Every structure is written in structure tokens, then in C-alpha cells.
Amino acid sequence: MVTARGAVRPLVDRATALGRCQLLSLNGFLVSATGSLVAGALLLLPAGAGLPLLPRAAAALRTLSDRYRSWTTRWSGTHISPPEPPGGHGGGHRTGAARVLGDDGFWHDLRWAWLEPLVGGLLVAGPLALVDFGLSGVLVQPFVWRRLGPGHWYAFVPVESTATMLAAAVLGLGSVAAGLFLAPVTLDLHATWSRRMLSAPRTAELARRIEHLTGTRADALDAGHPGTAPTCQTKRGPGRTMSDLGLPLEPPAGFEPATYALRARE
């Protein structure tokens with residue numbers, strides 16, 4: 001039996017997803033402004049005025065992109081591996097600007113900042129537009145249709161009587177329901193888009209994996225006993241090493257495995 005709480009929960013989740021779409025839509029203006037700031041700093045580099053501005057603008061851009069990475073992980077469970085921060089600290093303005101320009105993660109973030117307001121912003125605007133349009137039919141049409149007079153339309157419905165006003169209200173309810181239904185799907189699509197744009201560059205990801213494997217191998221060697229020769233059990237007693245038996249640790253080139261095994265049994 002479905003309880004009242006169980007019936008309301010999906011509606012709350014969809015309304016929450018719609019609110020997150022609204023948050024992403026509003027933050028699109030901030031992303032656009034930050035990307036424009038970085039572009040301005042790049043244009044001012046030849047004149048020297050962009051040297052002190054570029055590292056600060058790049059830091060603001062990284063903070064904003066990390067916020068989107070965190071939102072994507074929390075809202076959809078899609079983990080986005082962040083790029084490595086620019087290495088090195090200190091130095092003059094010229095050194096800091098050169099460090100930013102040589103960072104692959106900076107260019108990834110900048111590309112995202114230029115495309116997110118267009119692609120991501122339009123993506124999350126779909127459910128918001130449906131809900132706004134539907135609310136105008138539900139909350140506005142019943143009160144203003146008489147004042148607007150003949151010739152007033154709501155979508156494809158000519159609102160000229162009480163019956164058509166009710167039809168417009170029903171259409172508005174359907175539009176609101178469609179917006180709420182599409183909000184979680186839109187968030188998942190936005191998460192896929194964000195992962196494609198904000199993931200660490202392939203070179204950085206490969207270097208990170210190699211470093212992880214190297215550290216894992218070093219830990220495994222530290223936990224074991226390097227330098228101990230492999231042992232084998234023979235008739236002469238346990239614990240005898242292969243070198244004690246006069247056998248090399250690896251078969252020589254061209255040596256037959258069957259002959260090698262026969263010598264081990266002697």
C-alpha cells in the first residue's frame with residue numbers, strides 16, 4: 001500500500017531537481033562573466049596589463065569549475081576527476097602568467113566557461129520554460145482572460161470563454177507536469193555534459209594513473225621481502241632455494257622446460 005509520504009516523495013525530488021536547474025541557469029551568468037574576465041586578461045597580456053590579472057582570473061575560474069564538479073557529484077553521482085592545480089608558487093607576474101598558460105587544466109576550464117552558458121544554460125532552461133509557461137496558464141489566465149478581450153490565445157487555445165479558459169488551465173497543468181518530469185532527466189544530461197567538459201585532460205589523467213600504479217607497486221615491495229630468492233620443495237628438504245640446487249632463477253635461452261623440470265626433481 002502506497003503511503004502519503006511515498007506518494008509525495010517523487011514530487012519533492014522532481015521539484016528539487018527543478019530548483020537545481022534554476023540554480024544552474026542563474027550560475028550561467030557568473031560562468032559567462034568569469035570566462036569574459038579570463039578572456040580580457042589574455043587579451044591584455046601583450047600590453048603587460050594582463051600579467052597580474054591572469055593568475056587571479058584563472059584561480060576564480062578554477063574555483064567556479066570545482067563548484068560545478070562538486071554539484072555534479074552530489075546531484076547525480078557522476079564523479080568528475082579534476083585537473084591538477086598549476087605547479088609551483090611564487091615568482092613574479094610574468095612567471096605566474098606563464099605557469100597558467102602552460103597548464104592544460106586552465107584551457108579545459110576556459111573552454112567550459114565559454115560553452116557552458118550556451119549548451120548547459122539552454123539545456124537546463126527547458127524544464128524551467130515549461131513550468132513558467134504552465135504556471136501562467138494556471139494562475140494568470142483565469143483572472144485576466146476577460147480583460148484581454150477577444151483574440152487572446154494561450155498556446156493554441158483561443159481564450160474567449162469560460163470553457164476555453166479551463167482548457168488553457170488544463171494545458172498549463174500539463175506543461176507544469178512535463179517540466180517537473182523532465183527536470184531529473186535534464187540534470188543527468190547536464191552531468192554528462194559537465195563530465196565531458198570538466199574532466200581532467202587525458203595527459204593529466206594518464207600521469208595520475210601511472211603515479212598511482214607506481215606508488216602501489218612501491219607499497220607492495222615494501223610490504224614484502226625483496227631480495228629473497230624463490231624457494232621450491234624438493235626431496236632434499238623444504239626451504240631450499242633454486243640457486244642452492246644449482247638452477248638459475250630463469251631458464252636460459254633455448255633451454256627446454258621439460259629438461260628444466262627434470263633437473264628440479266633430482
Side-chain angles (χ1 to χ4, degrees), residues 13-45 50 52-87 96-133 175 178-208:
D13 292 340
R14 296 185 184 278
T16 302
L18 184 68
R20 290 169 176 171
C21 287
Q22 181 67 62
L23 181 60
L24 290 172
S25 178
L26 294 176
N27 270 268
F29 294 102
L30 182 58
V31 173
S32 179
T34 306
S36 299
L37 177 63
V38 174
L42 290 173
L43 293 175
L44 291 175
L45 283 178
L53 181 60
L54 182 60
R56 298 179 182 179
L61 179 61
R62 177 59 60 87
T63 300
L64 191 58
S65 64
D66 285 343
R67 180 187 303 171
Y68 270 71
R69 292 183 184 96
S70 176
W71 283 347
T72 302
T73 303
R74 285 164 44 200
W75 295 346
S76 65
T78 302
H79 176 70
I80 301 179
S81 178
E84 293 292 336
R99 189 182 302 125
V100 171
L101 294 175
D103 179 30
D104 291 339
F106 164 74
W107 296 106
H108 265 65
D109 287 352
L110 184 59
R111 181 186 62 176
W112 164 79
W114 286 345
L115 294 177
E116 169 62 22
L118 298 176
V119 180
L122 290 177
L123 187 63
V124 298
L128 298 174
L130 287 173
V131 171
D132 290 342
F133 178 75
S175 181
L180 290 174
F181 177 79
L182 291 176
V185 180
T186 301
L187 277 184
D188 290 338
L189 292 176
H190 189 273
T192 302
W193 158 257
S194 297
R195 182 177 183 179
R196 183 181 183 88
M197 298 300 298
L198 289 175
S199 293
R202 291 185 177 181
T203 54
E205 189 66 23
L206 180 60
R208 187 178 300 168

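Just so it is clear, the structure is predicted and the values come from calculations on it, not from any experiment.
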Find the distance between [atom1] ([X]) and [atom2] ([Y]) and round it off to the nearest 0.5 Å.
X	Y	atom1	atom2	answer
Leu187	Leu182	CG	CG	11.0 Å
Thr186	Phe181	OG1	CZ	10.5 Å
Leu64	Thr34	CG	OG1	5.0 Å

Without placing hydrogens or testing angles, list every side-chain donor-acceptor pair under 3.5 Å for residues 116-131, not counting sequence neighbours.
residue, atom, partner, partner atom, Å
Glu116, OE1, Trp193, NE1, 2.9
Glu116, OE2, His190, NE2, 2.8

Are more than 12 heavy atoms from other residues, nucleotides or ligands located less than 6.0 Å from atom CZ of Arg111? yes
Check whether more than 12 heavy atoms from other residues, nucleotides or ligands sit under 6.0 Å from atom CZ of Phe133, and answer yes or no. yes
Within-4.5 Å side-chain heavy-atom neighbours: Val38 and Phe106: yes
Flag side-chain contact, heavy atom, 4.5 Å: Leu42 against Leu101: yes
Can you give me the closest heavy-atom contact between [X] and [Y], atom names plus distance?
X	Y	result
Trp114	Gly35	NE1-O, 3.6 Å
Leu54	Leu45	CD2-CD1, 4.0 Å
Pro184	Ala17	N-CB, 3.8 Å
Gly179	Leu18	O-CD1, 4.5 Å

Using the side-chain contact (heavy atoms from CB on, under 4.5 Å) criterion, which residues pair with Thr78? Sequence neighbours excluded. Thr72, Ser76, Ala191, Arg195
Residues in salt bridge (Lys or Arg N to Asp or Glu O under 4.0 Å) contact with Asp13, at least two apart in sequence or another chain: Arg9
Across all chains, not counting sequence neighbours, the salt bridge (Lys or Arg N to Asp or Glu O under 4.0 Å) partners of Arg69 are Asp66, Asp109
Partner set under side-chain hydrogen bond (donor to acceptor under 3.5 Å, both in side chains) for Trp71, not counting sequence neighbours: none
side-chain contact (heavy atoms from CB on, under 4.5 Å) assessment of Asp103 paired with Val100: CA-CA 5 Å; Asp103 179 30; Val100 171; 5.7 Å; no
Is there a donor-acceptor contact under 3.5 Å from the side chain of Ser32 to the main chain of Gly28? no
